[in-house]
Number of protein chains: 2
Amino acid sequence: MKKLEHKNCMLSILPVRDTLDVIGGKWKILILISIMEGNHHFREIERSIPNLSTKVLSDQLKDLETNQLISRSVSNGFPVRTAYTLTEHGKTLQKLILEMHNWGVLHRKKIIQ
Amino acid sequence: MKKLEHKNCMLSILPVRDTLDVIGGKWKILILISIMEGNHHFREIERSIPNLSTKVLSDQLKDLETNQLISRSVSNGFPVRTAYTLTEHGKTLQKLILEMHNWGVLHRKKIIQ
DNA sequence: CAGAATCCAGGATGATACTG
DNA sequence: CAGTATCATCCTGGATTCTG
């Protein structure tokens with residue numbers, strides 16, 4: 001079985017890209033972690049993450065909901081009260097986030113020195 | 001121990017962000033995987049990843065080298081022949097990439113249905 | 001409180017041509 | 001082959017204001 005020239009590796013890559021689409025970017029993981037750590041309301045999440053604007057938070061929450069990582073529930077009182085929580089599917093991300101955390105720590109050690 | 005209002009979770013988040021800075025974005029992981037799979041020369045890597053332009057590849061390779069994930073060696077012949085390979089540090093990413101791959105597969109199943 | 005609507009700037013990305 | 005140089009473009013992200 002000969003090795004191909006410039007092997008095209010898109011097949012093995014697509015799932016990785018899917019993952020990055022869903023949790024990559026500047027804010028998505030931060031928002032997920034914030035919710036995991038107990039922040040459930042819009043302003044709560046917003047204030048827990050420095051430099052996060054309302055528009056960006058709003059956009060990102062929609063994406064996360066579309067990808068079924070979080071669910072949104074709205075109270076019927078006034079003022080309106082919403083709550084964002086992780087779905088079961090969202091919870092499957094925790095292991096991956098932990099891995100990313102660990103590697104980040106390792107990398108910082110490696111680079112700083 | 002009372003739970004804080006809008007708990008600020010930046011401390012637990014910084015390492016995750018480091019990781020995303022290093023391997024996030026549209027191309028970095030694809031390039032790493034391409035090298036892992038046996039593509040070592042500039043044109044080889046370029047052709048293995050659809051829609052990747054030479055400028056972007058060049059930029060990204062520099063970033064990866066700066067972060068000590070890959071190393072670059074140049075032959076003394078003509079035409080010039082370069083080879084990119086994973087460093088030991090770069091290899092520590094393989095586990096994480098595998099996790100991302102697995103989660104991507106899981107997620108696609110979840111969403112498609 | 002929860003978010004939508006606008007508007008805007010800067011960086012990331014891309015296409016193409018060129019050099020050694 | 002292995003890139004660099006330029007220039008165009010897209011798009012994320014950010015500031016601000018406004019509504020229910």
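Reminder, nothing fancy here: chain letters follow the sequence lines and each chain counts from 1. Just so you know, these numbers use all the heavy atoms, side chains as well, and skip hydrogens, waters and symmetry mates.
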Between the side chain of Glu37(A) and the main-chain N/O of Ile33(A), is any donor-acceptor distance below 3.5 Å? no
Taken in chain and number order and not counting sequence neighbours, the residues that satisfy ring pair (Phe, Tyr, Trp, His ring centres under 6.0 Å) with His89(A) are Trp103(B), His107(B)
Can you tell me if Thr85(A) and Ser71(A) form a side-chain donor-acceptor pair at under 3.5 Å? yes
Output, in order, the C-alpha distance, side-chain angles, deciding distance and verdict of side chain to side chain contact (heavy atoms under 4.5 Å, CB included) for Asn102(B) and Leu98(B). CA-CA 6 Å; Asn102(B) 291 342; Leu98(B) 182 60; 4.0 Å; yes
Counted 5' to 3', the first and last nucleotides of DNA chain D within 4.0 Å (strictly under) of a heavy-atom of chain B are dC1(D) to dT6(D)
Taken to the nearest whole Å, CZ/Arg43(A) to P/dA4(C) is 11 Å
Within residues 51-69 of chain B, the residues having a heavy atom closer than 4.0 Å to DNA chain D are Thr54(B), Lys55(B), Ser58(B), Lys62(B)
When hydrophobic residues are tied together by side-chain contacts of less than 4.5 Å, even through go-betweens, does Leu20(A) share a cluster with Val105(B)? no
Separation of atom CD1 in Ile45(A) from atom C1' in dC1(C), rounded to whole Å: 13 Å
Residue whose closest nucleotide on DNA chain C lies nearer the 5' end, Gly25(B) versus Arg81(A): Arg81(A)
Given the rule in the side chain to side chain contact (heavy atoms under 4.5 Å, CB included) test, do His101(B) and Ile13(A) qualify, once you have shown the distances and angles that lead to the verdict? CA-CA 8 Å; His101(B) 182 280; Ile13(A) 271 175; over 6 Å; no
Can Glu65(A) and Lys62(A) be counted as an ion pair, charged N to O under 4.0 angstrom? no
Specify the separation, in whole Å, of atom CH2 of Trp27(B) and atom C1' of dG11(C). 17 Å
For Glu46(A) and dA4(C), give me the distance from atom CD to atom P, rounded to whole Å. 13 Å
Decide yes or no for Arg72(B) and Leu61(B): does some side-chain heavy atom of the first lie under 4.5 Å from some side-chain heavy atom of the second? no
